[in-house]
> 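Following this message is one structure expressed as structure tokens.
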Amino acid sequence: MKQYIEKLIKSSFDKLCAAGELSTAYPKVQIDASKDLQHGDFACNIALALAKEAKRKPRDVAEMIVKNLPSSPRILKVEIAGPGFINFFLTPQAFQAIIPEILTAGKNYGRVDIGKGQRILVEFVSSNPTGPLHVGHGRHAAYGAVVSDLLEYIGYSVHREYYVNDAGRQMDILAVSVWLRYLELCGETFPFPANAYKGDYIVAIAKNLKEKYDRNLFKLTKDVFVDLPLDEPAGGDKEIYIDALIARTKKLLGEDFYLQVFDLTLETILTNIREDLAEFGVTFQEWFSERSFTQTDIVDRHIAQMQKDGLVYEQDGALWFRSSNYGDDKDRVLQRANGMRTYFANDLLYHIHKFERGFTSAIDIFGSDHHGYIPRMKAGLQAYGIAPERLTYLLVQFVTLYRGGEQVQMSTRSGSFVTLRELREEVGNDAARYFYVMRKCEQHMDFDLDLAKAKSNENPMYYVQYAYARICSVFRQLAEKQITFTPEEGLAHLELLTQPQELKLLATMAEYKDVIVSAATLHEPHQLTQYLRELANDFHTYYNACQFLVEDAHLRAARLILIMAVRQVLGNGLQLIGVSTPENM
RNA sequence: GCACCAGUGGCUCAGCUGGAUAGAGCAACGGACUACGAAUCCGUAGGUCGGGGGUUCGAAUCCCUCCUGGUGCACCA
């Protein structure tokens, strides 16, 4: 409808230009659905935008535009108001036309083709496989999934990717943690390292290890801990201590056995993460392994290329990337003095590789604590000749859990955290999905478990689902009362839909496409939850104001076809955010 | 110290590519079931949009500055 009105305005504008009344360029105009019914259905600000350049009063410009508007069966009247807004009042027919459009498109109502099939890579969650997903990851998962689905809905070809950090020191600490628990299961006792992973899942993996290998991986405690530096509780440094312990473990077990422990640990945790996400309705096209990527020669080749291009220099035995030439605060190390590549080096090349794989753009959904990382990554891409705008960072703020009015303390290392799985079991997938995307991503989220569990009417998800179920219930009543109804009957009498509540519902439904496009392009799923609440509210209001199953067969059919369209839009929206559409509750 | 995000009714938030009287929900108060589900609806009350400057026809929105909260500033990942 907006586009339609814009066309009318453009036509009037062109006419004025041709007549020499106006000589300015067509400005950026805004056409918005009015908040206040007194301001009509849509308002346009073109006169205010033009006034300055045309050197006329806004209201005069508005008058000229209105005078030259082509007439249309969809426009009831046009008024000039306030400082120079042009308000459009639509005819009921204009609203009613939305119903056949919705019902014809069905599940695809709302789909548009803005993306034109462009390939876009969305990387999200990418949590280190060092433990189960917790509630923070859940927000990333839900948000990333909905953003991806929305982009797909507007015509992009979306590739959802999980970057598996299966290399590096954290993974070694994890493997050692498991092995030490294994030793305990073999009957050894010793103080557990301060910096090791302590969650129950570590013990569970150790049990598997014990079952699979019995005592084949066993080493005596005294051999493991002999001549190690002091751990933190003893006054030492926990980082130095754990590194020494990793080296000792590798030495005692040998490379093959160490890898067995490592792989079993990784596989167990990764499988758990995969299943957890799948149950949450979040799936990926690709699980991209850091380890296998860094084992290729791509990384070395790219670093060599950067050296050749003069983007890199050597200092204190390390290899530095001149990121400060590209807007970063300082230069960054790619290769440490000990010959090891930094995480940044691998990650940068991974991102370059994304574009080499043919994606026109990429989105990274990261925790907001990574914000400082963005400039160096963009610098790296730019240095490589990849326009930094092709990579978009979406930063997701933390989730704080409240239970019994108190903040739940969370720490991955100490193992005291609430997992996504626990959350899903407590509040259900639907509520979790809905709540996670209800807030814009950069907004810090307080998640009150008691409230979410309460399943009271404070939960906006129930409100929307209830509207859907209520409509289903009406159609069940229809069957019980053996009233016949066909969509054709309804479509034939749309002109009977003239009640204010009916026009409001039609107007809200007509906005759906705009909401989808806006939510998708701005990566703001909360716009959709907000919209669904409004549509549900319009329906509930209608429900209380008018009866559907009335005597008059024509009116009845028209009303039924209307709520059928409402059900379609509610269903499409709920599906997009990954929430079920129960026919009764 | 530098950087990023946030600061809107009692609470949780929307509005932020400048637009008409700042919107919802919850909580509070008052109403509506002999009708398709009252898990609903309708109404009332409640706000110096963190403070102060500026830009302009117009600022919650843009600029500057200050204050508060969170986060980040490794040859860790």
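Quick caveat, the model's predicted, so the values are computed rather than measured. Proteins come first, then strands; the chains are lettered A, B, ... in the order of their sequence lines, and each starts at number 1.
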> Roughly how many Å apart are B/U55 and B/A60, using the P atom of each and rounding to a whole number?
16 Å
> Look through every strand shown and name the nucleotide pairing with B/C49 as Watson-Crick or G-U wobble, where both distances are under 3.5 Å.
none
> Does a side-chain N-to-carboxylate-O contact under 4.0 Å join A/E79 and A/K77?
yes
> Expressed in whole Å, how much space separates the C1' atoms belonging to B/C64 and B/G47?
26 Å
> Would you mind classifying the nucleic acid contact of A/D538 as base, sugar-phosphate or nothing, using non-hydrogen atoms under 4.0 angstrom?
nothing
> Using the C1' atom as the point on both nucleotides, what is the distance between B/A38 and B/C33, in whole Å?
7 Å
> Are A/R470 and B/A38 close enough that a side-chain N or O sits under 4.0 Å from OP1 or OP2?
yes
> Between B/U44 and B/A6, how far apart are the P atoms? Round to whole Å, please.
34 Å
> Quickly work out the A/R556 CZ to B/A35 C1' distance and round it to whole Å.
15 Å
> Please determine, for B/G72, whether a Watson-Crick or G-U wobble partner exists with both distances under 3.5 Å, and give it or none.
B/C2
> Return the value, rounded to whole Å, for the distance between atom CD of A/E524 and atom P of B/A14.
9 Å
> Centre-to-centre under 6.0 Å for A/Y373 and A/Y393, is that the case here?
no
> Give each protein N/O atom lying under 3.5 Å from an N/O atom of nucleotides 5-9 of chain B, with the pair distance.
| residue | atom | partner | partner atom | Å |
| --- | --- | --- | --- | --- |
| B/C5 | O2' | A/E442 | O | 3.2 |

> Taking the P atom of each, how far is B/C13 from B/G53, in whole Å?
29 Å
> Return the nucleotide paired to B/U55: Watson-Crick means purine N1 to pyrimidine N3 with N6-O4 or O6-N4, wobble means G-U with N1-O2 and O6-N3, both under 3.5 Å.
none
> N/O contacts under 3.5 Å, protein versus nucleotides 72-75 of chain B?
| residue | atom | partner | partner atom | Å |
| --- | --- | --- | --- | --- |
| B/A74 | O5' | A/K330 | NZ | 3.3 |
| B/C75 | O2 | A/A337 | N | 2.6 |
| B/C75 | N4 | A/D316 | O | 3.2 |

> For the side chain of A/N537, starting at C-beta, report the closest nucleotide among B/C36, B/C41, B/A14.
B/C41
> For B/A24 and B/G9, measure between their P atoms and round to the nearest Å.
16 Å
> If anything within 90° of 0 is syn and all else is anti, what is B/C33?
syn
> So does A/D364 pair up with A/K354, basic N to acidic O under 4.0 Å?
yes
> Starting at CG of A/D514 and ending at C1' of B/G15, how long is that distance when rounded to a whole Å?
17 Å
> Hey, does A/A43 reach any base, or is it just sugar-phosphate, or nothing, if we go heavy atoms under 4.0 Å?
base
> Expressed in whole Å, how much space separates the P atoms belonging to B/U12 and B/G70?
15 Å
> If B/G23 has a Watson-Crick or G-U wobble mate with both distances under 3.5 Å, name it; if not, just say none.
B/C13
> Could you state the atom-to-atom distance from CZ of A/R341 to P of B/A77 in whole Å?
12 Å
> Write down the distance between CD (A/E534) and P (B/G25), rounded to a whole number of angstrom.
11 Å
> Run the side chain to side chain donor-acceptor pair (under 3.5 Å) test on A/H444 and A/R439 for me, step by step, so that the C-alpha distance in whole Å, both residues' side-chain angles and the decisive distance to 0.1 Å come before the verdict.
CA-CA 8 Å; A/H444 183 96; A/R439 305 266 135 82; over 6 Å; no
> Could you walk me through whether A/S518 and A/Q527 pass side chain to side chain donor-acceptor pair (under 3.5 Å), step by step?
CA-CA 8 Å; A/S518 174; A/Q527 288 191 26; 2.7 Å; yes
> Using whole Å, report how far NE2 of A/H444 lies from P of B/U12.
11 Å
> Check whether A/F548 forms a cation-pi arrangement with A/R556 (NZ or CZ under 6.0 Å from the six-membered ring centre, at most 45° off the ring normal).
no
> Assess, by modelled atom type and distance only, whether the side chains of A/Q170 and A/T130 contain a donor and an acceptor separated by less than 3.5 Å.
no
> For A/F344 and A/M438, take the nucleotide of RNA chain B holding the closest heavy atom to each; which residue's nucleotide lies nearer the 5' end?
A/M438
> Counting only side-chain heavy atoms from C-beta out, which of B/A14, B/A20, B/U40 sits nearest to A/Y463?
B/U40
> What's the CG-C1' distance between A/L395 and B/U71, to the nearest Å?
10 Å
> Decide, yes or no, whether a salt bridge links A/D172 with A/K250 under the criterion of side-chain N to carboxylate O below 4.0 Å.
yes
> Supply the atom-to-atom distance A/D41 CG to A/L503 CG, rounded to the nearest 0.5 angstrom.
8.5 Å
> With distance as the sole criterion, is a donor-acceptor pair present between the side chains of A/Y434 and A/Q465 under 3.5 Å?
no
> What parts of residues 539-555 of chain A reach RNA chain B, counting only heavy atoms under 4.0 Å away?
A/H540, A/T541, A/Y543, A/N544, A/C546, A/Q547, A/F548, A/L549
> Quick test of the criterion, 5.5 Å between centres and less than 30° between planes. Is A/F85 stacked on B/A20 or not?
yes
> Measuring only the C1' atom in each nucleotide, how far is B/U8 from B/G46? A whole number of Å is fine.
14 Å
> Taking only Lys NZ, Arg NE, NH1 and NH2, and the carboxylate oxygens of Asp or Glu, determine whether A/R322 and A/D328 approach each other closer than 4.0 Å.
no
> Which residue, A/I86 or A/R169, contacts RNA chain B at a nucleotide closer to its 5' end, judged by nearest heavy atom?
A/I86
> To the nearest Å, give me how far apart CZ (A/F366) and C1' (B/A77) are.
12 Å
> Out of curiosity, A/E583 CD to A/T581 OG1, how far, rounded to the nearest 0.5 Å?
7.0 Å
> In the strands shown, is B/C33 matched to any nucleotide by a Watson-Crick or G-U wobble pair with both distances under 3.5 Å, and which?
none
> Which base sits across from B/A28 as a Watson-Crick or G-U pair, both distances under 3.5 Å?
B/U44
> Yes or no on salt bridge (Lys or Arg N to Asp or Glu O under 4.0 Å) for A/R169 and A/E239, after CA distance, side-chain angles and deciding distance?
CA-CA 11 Å; A/R169 181 164 169 268; A/E239 304 289 348; 2.5 Å; yes
> With rounding to the nearest 0.5 angstrom, report the CE to OG1 distance, A/M445 to A/T400.
10.0 Å
